[in-house]
Amino acid sequence: MFEEYDDYRKQIREFGLKEFTDEVAAKYDRGEEYPDYLRKKSLSLGIVDMQNPAKILIAIEELCRIDAGLGISVTTPYFGAEVLMLFGNDKQKEFLNDVYSGKYVLGLGVTEASGGSDVAHIKTTATKKGDKYILNGSKMFITNGAIADYLVVLARTSDEDKPHHGLSTFLLNTKLNGFKANKLTGKLGVRATNTAELTFDNIELSSEDLIGEEGKGFYYIMTFFNISRIYVAAQGLGIAEGAFDKILEYVKANEIKDENTMFEIADVATRIEATKELTYNAASYLFKFEPRPQLTSMAKAYAGETAVYASEKAMEILGANSLEENVERIFRNAKIMEIWEGTSEVEKLVISRFILKGE
Amino acid sequence: MSNLNEENNILRDTVREFCEKNLDEKKIEEEKIDNNINSLLASQGFMGAKISSKYGGSELDDISYHIILEEFSKYSPSIAMKIFMINSLYLPSVINTEYESYLQDVSSGKMNVSVDFMNNKYKLEYGNNINGTVENILNTDSENIVLFDGKTTIVNGPFKTREKDFMGFKGLKFGSIELNNKYNVIDKNSRKEKIMEDSYNDLSAIALGIISGAVDKAMDYSRVRTVFGAYLKNYEPLVFRLSEMYSKENILRSILYSNLDKYYTFNFAMNSIVEIARFSVNTHGGYGYFKDFGVEKFYRDAIILKSVFYGNSELKQLSNHVYSEKLTFI
Ligand SMILES: Cc1cc2nc3c(=O)[nH]c(=O)nc-3n(C[C@H](O)[C@H](O)[C@H](O)COP(=O)(O)OP(=O)(O)OC[C@H]3O[C@@H](n4cnc5c(N)ncnc54)[C@H](O)[C@@H]3O)c2cc1C
């Protein structure tokens with residue numbers, strides 16, 4: 001699948017191998033610093049092409065295969081763009097060009113300190129006042145939070161019997177008064193990515209900042225997740241492949257031939273192949289505009305678990321040699337795959353719900 | 001625990017109190033174990049837990065030693081690793097050699113020592129001095145170090161060291177040491193294999209502490225965190241798994257302290273530890289991914305413990321033990 005992009009895949013891999021050296025990856029990992037120059041470089045070389053979903057998928061997979069911290073850093077400044085693309089007004093759609101060109105960094109703020117799985121119960125409010133909305137509340141663990149120029153934000157605009165009915169999405173300019181971002185440090189992995197806690201203190205939003213219709217925010221965000229999860233699956237796939245690369249390198253270099261290790265290699269390779277089939281299959285439906293959320297969630301959950309599994313195997317097979325930074329970093333990066341964009345447990349809820357609905 | 005007596009329980013409480021009163025785990029991870037902590041550990045007899053009283057040690061029995069390792073590990077796996085390196089690795093390396101008397105300064109916390117358990121191959125030159133670089137040494141700020149280079153060698157510091165970031169047991173300094181130092185062969189045979197095999201129960205005790213710390217944190221969190229309007233403890237899949245893990249923790253404690261069979265115990269510990277630490281992170285959602293919650297450290301230390309101490313050779317030893325013969329493999 002996606003063989004037509006083989007040349008593109010090669011080009012991405014070359015870029016990654018050249019730019020994501022161990023020294024660079026270690027530096028940004030250790031310093032918990034966002035590598036903005038790599039974002040700019042990837043854009044200027046046309047490495048990240050946000051207009052073509054298949055290319056995004058491949059770029060994410062190949063870059064995360066080399067280093068997930070850097071790979072996610074250069075492919076995530078567009079996070080949330082699909083909400084605007086699908087539901088935004090003309091001006092917001094036009095604004096996307098500035099995001100794709102790299103003029104602005106975007107992010108998506110859904111999760112709050114009180115809960116990320118339970119999206120419908122968020123507490124941030126956007127209260128209508130004349131033709132304005134006044135935004136109050138806070139967000140937790142927001143990727144790009146402290147570097148974003150704009151954020152797609154989910155907030156409650158009305159109290160309804162069904163909590164997911166009263167939510168709306170807004171495009172928030174982070175330069176507005178009342179916005180504060182507090183960079184969070186001390187992550188286990190993907191430390192080159194920027195994560196922040198946000199507070200909104202009486203931020204005045206205009207009605208033009210509303211994305212789509214009032215009260216439809218929950219639906220927009222769920223639609224978005226059904227798209228973005230395929231990219232997270234690609235992150236997981238890439239991490240697993242990167243871990244497997246390290247296993248093969250080590251086994252070959254040390255001429256390890258015992259049968260137990262051969263079986264381990266076979267198991268990891270099989271899981272990666274299954275992950276790839278699942279991810280590409282789910283992606284092919286999505287890219288034909290026939291999304292199958294249960295497939296997307298299966299891919300996301302399975303890829304996340306495969307990333308963790310492959311990285312743990314790499315640590316175990318390499319033994320003390322796994323302590324070389326580039327392997328332990330893979331292990332630390334992998335774990336986020338089971339947490340963000342819906343934990344594995346939440347994906348399982350989505351999968352069974354859709355299957356039982358017969359969709 | 002039925003097979004633990006009153007004295008054992010008092011010791012457990014003492015270690016717990018000591019940790020809570022004297023140790024700041026986050027600080028240990030960030031700033032490493034310092035001389036102050038070394039002296040404190042020594043003054044309570046933890047440093048020389050197994051060392052003979054002749055050298056100022058506590059000369060504890062196995063059960064008491066394992067209680068100490070378990071409880072420290074639950075609070076700070078780095079401290080447990082330090083105590084382990086001294087009592088399970090260094091002590092049997094130097095015992096019955098002219099360096100035995102070093103144990104006096106070791107148990108009093110005056111002498112920091114290390115044993116290389118990670119390397120199997122060395123590229124060292126032996127003349128008047130020993131020359132070469134040894135990678136992956138835990139506790140690099142040691143005054144002397146034991147190497148198992150086909151024999152058992154003690155090398156005296158000071159060492160030229162290069163510190164590296166290390167994912168696990170962060171309270172200990174880690175890196176490579178460049179040797180151009182005086183050395184002494186203290187045993188013409190390597191004591192490593194026997195020492196490692198003899199330390200299975202000790203490592204299982206450290207694993208138990210990590211497991212217990214991870215399970216406790218996850219269960220505590222499940223009682224206070226709400227999602228979709230209910231406590232986490234009200235969700236079947238999560239609680240079923242946590243309960244299974246709690247069961248495993250208690251099975252491990254029971255087989256460890258009843259001294260069932262060190263091979264079985266070690267295998268069980270190593271097969272449980274990573275999964276349990278990982279699920280504890282999962283249970284905490286996004287918070288689990290940040291060091292502030294003190295749970296990701298268990299996952300890091302768990303994978304290091306398993307990767308470094310448990311692999312093909314340990315599985316071979318288990319199989320030889322089970323088959324009661326030295327098996328040869330294709
Ligand atoms: C580095 C990082 C970056 C992030 N970036 C973003 C971002 O850019 N934007 C954003 O909006 N969010 C972001 N997040 C948040 C992330 O999506 C949430 O952490 C995640 O959705 C889980 O939410 P939570 O942390 O509140 O966990 P909780 O929702 O509190 O869940 C706790 C545990 O309960 C389990 N659980 C929940 N419901 C059930 C159930 N019904 N049955 C069984 N188990 C259940 C969960 O799986 C989890 O194990 C980020 C998080 C991290 C760590």
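All chains are named by letter (A, B, ...) in the order of the sequence lines, taking the proteins before the strands, and each is independently numbered beginning at 1.
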For this session: Check the pair A:E338 / B:Y289 against side-chain hydrogen bond (donor to acceptor under 3.5 Å, both in side chains), numbers first and verdict last.
Result: CA-CA 10 Å; A:E338 292 184 328; B:Y289 206 62; over 6 Å; no
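- Note on ring orientation: taking the six-membered ring where Trp is involved, the planes of B:F228 and B:Y235 are perpendicular (angle over 60°, cut-offs 30° and 60°).
- Contact annotation for A:S344: neither backbone nor side-chain heavy atoms come within less than 4.5 Å of a heavy atom of chain B.
- Using a 4.5 Å cut-off between heavy atoms, A:S117 touches chain B through backbone and side chain atoms alike.
- In this structure, A:M315 and A:I330 have side chains that are not in contact, with every pair of non-hydrogen atoms separated by 4.5 Å or more.
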Problem set entry | Stepwise side-chain contact (heavy atoms from CB on, under 4.5 Å) test for A:M222 and A:V119 | CA-CA 9 Å; A:M222 290 304 133; A:V119 173; 3.8 Å; yes
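- When each of A:K257, A:R30, A:R329, A:K348 is scored by its heavy-atom pairs under 4.5 Å with chain B, the top score falls to A:R30.
- Looking at B:D292, neither its backbone nor its side chain comes within 4.5 Å of chain A, counting heavy atoms on both sides.
- To the nearest 0.5 Å, atoms OG (B:S78) and NZ (B:K170) are separated by 9.5 Å.
- Interface remark: B:F117 contributes no atoms to any contact with chain A (heavy atom separation under 4.5 Å).
- Using a 3.5 Å distance cut-off with no hydrogens or angles, the side chains of A:T124 and A:E112 do pair a donor with an acceptor.
- For the set B:V227, B:N282, B:L315, the entry with the most heavy-atom pairs within less than 4.5 Å of chain A is B:N282.
- When the candidates B:K297, B:R300, B:E296, B:R278 are compared by the number of heavy-atom contacts under 4.5 Å with chain A, B:R278 comes out ahead.
- Ring geometry for B:F166 against B:F174 counts as parallel: the plane angle stays under 30°, on a 0 to 90° scale with 60° as the upper cut.
- Counting heavy-atom pairs under 4.5 Å between each of B:V308, B:N120, B:N119, B:D165 and chain A puts B:D165 at the top.
- Residues of residues 236-246 of chain B lying under 4.5 angstrom from chain A, judged on non-hydrogen atoms, do not exist.
- Taking the six-membered ring where tryptophan is involved, the planes of B:Y200 and B:F266 are essentially parallel, since the angle between them stays under 30° and well short of 60°.
- Residue contact with chain B, scored on non-hydrogen atoms closer than 4.5 Å, involves the side chain of A:I339 exclusively.
- In terms of non-hydrogen atom pairs under 4.5 Å with chain B, the most contact-rich of A:E259, A:R332, A:M140 is A:R332.
- Contact of A:A120 with chain B is not made at all, since no heavy-atom distance falls under 4.5 Å.
- One side chain, A:T275 or A:T306, offers a donor N or O that lies under 3.5 Å from an acceptor on the other.
- The two atoms that bring A:T111 and A:I142 nearest to each other are O-CD1, 4.0 Å, heavy atoms only.
- Using a 30° and 60° split on the angle between ring planes, B:Y221 and B:H284 fall in the parallel class, below 30°.
- For A:E345, the part sitting under 4.5 Å from any heavy atom of chain B is the side chain, from C-beta outward, and nothing else.
- By the 6.0 Å and 45° rule, B:K306 does not stack over the aromatic ring of B:Y310.
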